[in-house]
Amino acid sequence: MVAVLYPLHLGAKGDECTRTANMQIYSNAFLTKDEAGDLVGYELALRQANDSTVEALLFVYEGAPADGITLPGRISGKNLTIEGSWVEHLTEYPSKKEIVQTHLVRIDGKLDSSWFRGTITIGDMVTSQRVRLKRVDHIWVCKK
């Protein structure tokens with residue numbers, strides 16, 4: 001028998017729209033064109049402090065809306081570096097056992113007013129993914 005893992009919390013929290021309202025949002029998220037119409041891709045919400053520090057929320061969509069992963073970062077000119085841990089709480093089925101996984105997340109790239117271009121590395125989940133995220137007004141789940 002193979003155990004299947006599901007996130008404990010599916011869907012973004014209602015306060016994510018409020019939380020990201022005054023942040024710069026970069027996205028490549030889209031709905032797949034197959035029958036499932038899954039939400040896939042990444043969104044990066046950024047708030048720059050008066051110094052070179054950045055508060056970031058990374059949204060990783062793998063079929064459905066997801067909570068933002070809070071990460072610290074730094075910006076120097078157009079160079080953005082974000083690094084932190086993502087603690088993922090999953091439920092194993094059919095046993096309903098809670099599983100906690102921690103993944104190191106690293107984001108490096110160039111940022112301007114219209115685009116973020118760079119790489120996203122999430123621990124042991126995937127190899128580094130080259131991404132091009134376009135500036136948008138709000139995260140996917142906040143679209144009307």
Side-chain angles (χ1 to χ4, degrees), residues 3-93 96-144:
V4 179
L5 299 177
Y6 292 99
L8 283 179
H9 307 287
L10 287 176
K13 295 177 186 170
D15 65 350
E16 296 288 31
C17 297
T18 303
R19 190 174 176 195
T20 59
N22 295 314
M23 299 176 89
Q24 294 177 321
I25 312 295
Y26 296 85
S27 177
N28 69 359
F30 66 97
L31 291 175
T32 60
K33 293 183 181 182
D34 60 11
E35 289 179 20
D38 290 338
L39 179 60
V40 295
Y42 296 101
E43 289 188 311
L44 184 61
L46 302 171
R47 178 179 292 118
Q48 187 172 347
N50 291 335
D51 58 8
S52 62
T53 62
V54 173
E55 173 192 346
L57 286 171
L58 175 65
F59 296 85
V60 179
Y61 302 130
E62 297 175 320
D67 294 338
I69 304 162
T70 303
L71 300 164
R74 298 190 91 39
I75 190 162
S76 176
K78 291 187 175 193
N79 297 314
L80 177 67
T81 301
I82 297 169
E83 188 172 84
S85 293
W86 172 21
V87 179
E88 190 175 24
H89 296 269
L90 305 165
T91 302
E92 180 182 76
Y93 284 95
K96 296 187 180 178
K97 177 181 171 188
E98 183 179 351
I99 306 292
V100 177
Q101 296 179 349
T102 302
H103 312 282
L104 178 64
V105 177
R106 184 168 175 91
I107 302 169
D108 287 299
K110 302 271 188 214
L111 180 71
D112 65 34
S113 61
S114 300
W115 296 94
F116 169 78
R117 293 176 183 91
T119 59
I120 297 176
T121 306
I122 301 176
D124 55 353
M125 294 177 70
V126 294
T127 57
S128 293
Q129 299 239 328
R130 295 211 45 80
V131 295
R132 182 175 166 179
L133 309 179
K134 182 180 181 181
R135 177 80 184 266
V136 296
D137 293 331
H138 44 261
I139 61 173
W140 185 269
V141 297
C142 300
K143 292 183 178 181
K144 298 202 181 343

Item checked: Note, I82 side chain near V105 side chain (heavy atom, < 4.5 Å) ->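 No. Closest side-chain heavy atoms not under 4.5 Å.
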Notebook entry, point to check: Mind checking whether P65 and L39 have side chains closer than 4.5 Å, heavy atoms only?
Noted result: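 P65 vs L39: side chains touch.
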Sequence neighbours excluded and cut-off under 3.5 Å, please list the side-chain donor-acceptor pairs for residues 109-119, or say none.
from: K110; atom 1: NZ; to: N79; atom 2: OD1; distance (Å): 2.4
from: D112; atom 1: OD1; to: S114; atom 2: N; distance (Å): 2.8
from: D112; atom 1: OD1; to: W115; atom 2: N; distance (Å): 2.8

Inter-residue atom distance [X].[atom1] - [Y].[atom2], 0.5 Å rounding:
{"X": "L46", "Y": "I25", "atom1": "CG", "atom2": "CD1", "value": "7.5 Å"}
{"X": "Q24", "Y": "L133", "atom1": "CD", "atom2": "CG", "value": "12.5 Å"}
{"X": "K33", "Y": "D38", "atom1": "NZ", "atom2": "CG", "value": "14.5 Å"}
{"X": "Y42", "Y": "I69", "atom1": "OH", "atom2": "CD1", "value": "9.5 Å"}
{"X": "L44", "Y": "F59", "atom1": "CG", "atom2": "CZ", "value": "9.5 Å"}
{"X": "T20", "Y": "R47", "atom1": "OG1", "atom2": "CZ", "value": "8.5 Å"}

Note to self: Whether the S52 and R74 side chains hold a donor-acceptor pair (N or O, under 3.5 Å, no angle test) is what I'd like checked.
What the structure shows: yes
Which atoms form the tightest heavy-atom contact between [X] and [Y], and what is the distance?
{"X": "T102", "Y": "S85", "value": "CG2-CB, 4.0 Å"}
{"X": "N28", "Y": "F30", "value": "O-CD2, 3.4 Å"}
{"X": "S128", "Y": "T121", "value": "OG-OG1, 2.5 Å"}
{"X": "W140", "Y": "A29", "value": "CZ3-O, 3.7 Å"}
{"X": "C142", "Y": "E16", "value": "SG-C, 4.5 Å"}
{"X": "E43", "Y": "H138", "value": "OE2-O, 4.2 Å"}

Item checked: Derivation of the side-chain contact (heavy atoms from CB on, under 4.5 Å) call for T70 and R19 -> CA-CA 11 Å; T70 303; R19 190 174 176 195; 2.7 Å; yes
Check: How would you list, by chain and number, every residue that makes a side-chain hydrogen bond (donor to acceptor under 3.5 Å, both in side chains) with N50, sequence neighbours excluded?
Finding: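 Residues passing side-chain hydrogen bond (donor to acceptor under 3.5 Å, both in side chains) with N50: none at all.
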